[in-house]
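Working notes, beginning with the structure itself.
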Amino acid sequence: MMHKTIDKKMLFSYLEEIKDPEVPVLSIIDLGIVRDIVLHDDEVEVFITPTYSGCPAMDMIATEIRIELATLGFKKVNITQTISPAWTTDWMSEEGKRKLKAYGIAAPDKRFVIPADGVECPLCNSTDTKLMSAFSSTACKSLYVCNDCKEPFDYFKCH
Amino acid sequence: MQNNQTDYLLHLADTTLILSQRNSEWCGHGPILEQDIAITNISLDLLGQSRNFYQYAAQLITDSKKESGAKTPPLEGLGEVTEDSLAYLRTEREFKNLLLVELQNGDWGQTILRQFFFSQFQYLLFQQLQQSNDAQLAAIAAKAIKETTYHLRWSSEWVVRLGDGTDESHQHMLHAIDELWRYTGELFEAAEYETAMGIDLAAVKQIWTEKVTAVFDEATLPVPENSFMQPGGKKGVHTEQLGYILTELQYMQRTYPNSNW
């Protein structure tokens with residue numbers, strides 16, 4: 001019974017394997033979606049929170065958590081969705097922000113909500129950029145274009 | 001109290017669901033790609049908010065059915081009450097959404113103006129609901145207001161852009177005001193369940209009017225005075241339009257009951 005030796009901290013690191021289906025470079029741990037894990041013998045309860053009320057990825061994330069924990073030997077996996085306290089980009093890990101940038105998405109910057117300009121281009125690091133649209137490929141991002149390298153890019157909105 | 005609470009939740013759920021459905025009609029038809037994406041993103045946010053309200057209402061209805069020994073279920077004939085049964089199996093007269101959100105989209109200007117009126121209202125309402133004694137309602141509002149903040153910003157910018165744009169766009173906005181204004185009175189006319197829930201719509205009205213006036217001033221648009229106001233939606237008395245929306249929205253569950261995927 002593999003799970004007997006598993007503690008909460010290890011479970012968090014196992015769940016690092018599960019990626020956000022819409023931003024596959026980030027794990028659900030990087031995003032701060034997993035709020036808590038409670039262990040009772042061979043049962044486990046995972047508390048998750050959506051980034052946005054309408055986030056369509058939540059069902060898929062819940063299914064992937066079930067599969068991951070079932071393979072670790074847990075007989076019963078409960079997944080509880082909580083919405084309070086509301087998810088915020090402040091919960092995104094520094095590692096997550098670094099991975100986002102490497103993936104070509106500008107990380108949320110607490111100094112501003114949706115700035116008209118000045119967001120750092122994740123491709124060439126120029127800050128000579130401008131907002132094209134407050135809504136982009138997913139509800140959690142805005143669309144910008146870089147005036148230097150001319151590339152369009154997404155900015156993960158502060159939330 | 002229980003009924004007022006579920007009625008109020010259904011009012012919030014129906015309103016966000018119907019506006020989500022209306023906005024989603026723009027999918028693939030927006031004036032430019034970025035704005036097509038913006039309006040459908042807003043639609044998705046509203047659908048998510050709507051699900052939260054329906055889920056909470058379904059839970060309360062189910063709990064009260066258990067307590068009363070299921071002799072007098074609040075919504076008879078629905079069988080198991082879930083977010084889906086509440087959205088897909090209630091009739092037109094049971095829907096409590098605001099009339100404003102069920103109206104046809106009209107042109108882009110009219111869709112924008114409706115979104116602005118609604119988002120400004122929803123923002124102020126959710127500010128109040130965040131402080132509610134009902135912890136789950138407060139949590140849903142605290143989550144949703146972050147999204148509403150973006151909707152409000154986006155729609156008010158568009159009202160200014162179109163109102164203070166070309167003669168053509170200005171004319172379209174005047175027409176949109178003419179079409180929509182009479183449905184804004186209902187926002188602030190408290191239904192029985194709102195009064196029972198302690199919602200202060202008079203406070204919302206005052207700030208709403210100030211904010212709308214400020215944006216209209218910037219957009220060089222006139223604020224109508226003393227116009228006739230049409231209520232009804234909160235009590236289940238709707239325009240002709242709602243029936244058509246429900247026909248489309250509920251078609252699958254009505255035609256293939258209990259179908260799933």
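Sequence lines set the chain letters: A, B, ... in the order given, protein chains first and strands last, and positions in each chain run from 1.
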Only distances under 3.5 Å count here; give the side-chain donor-acceptor pairs of residues 46-53 of chain B to other protein atoms, sequence neighbours excluded, each with its distance to 0.1 Å.
unit_1, atom_1, unit_2, atom_2, d
B:Q49, OE1, B:Q122, NE2, 2.9
B:Q49, NE2, B:E147, OE1, 3.1
B:S50, OG, B:A13, O, 3.2
B:R51, NE, B:E83, OE1, 2.9
B:R51, NH2, B:E83, OE2, 3.2

Less than 4.0 angstrom from a charged side-chain N to a carboxylate O is my criterion; do B:E157 and B:R153 meet it? yes
Across all chains, not counting sequence neighbours, the side chain to side chain donor-acceptor pair (under 3.5 Å) partners of A:S93 are A:D30
Only one of B:R90, B:K234, B:K96 passes side chain to side chain donor-acceptor pair (under 3.5 Å) with B:D14, and that residue is B:R90
Whatever's closer than 4.5 Å to a heavy atom in chain B on A:T49 counts as neither
When the 4.5 angstrom heavy-atom criterion is applied to B:L33 and chain A, the contacting part is neither
Pair count under 4.5 Å, heavy atoms only, with chain B: among A:T138, A:L143, A:T82, highest is A:T138
When the 4.5 angstrom heavy-atom criterion is applied to A:P56 and chain B, the contacting part is side chain
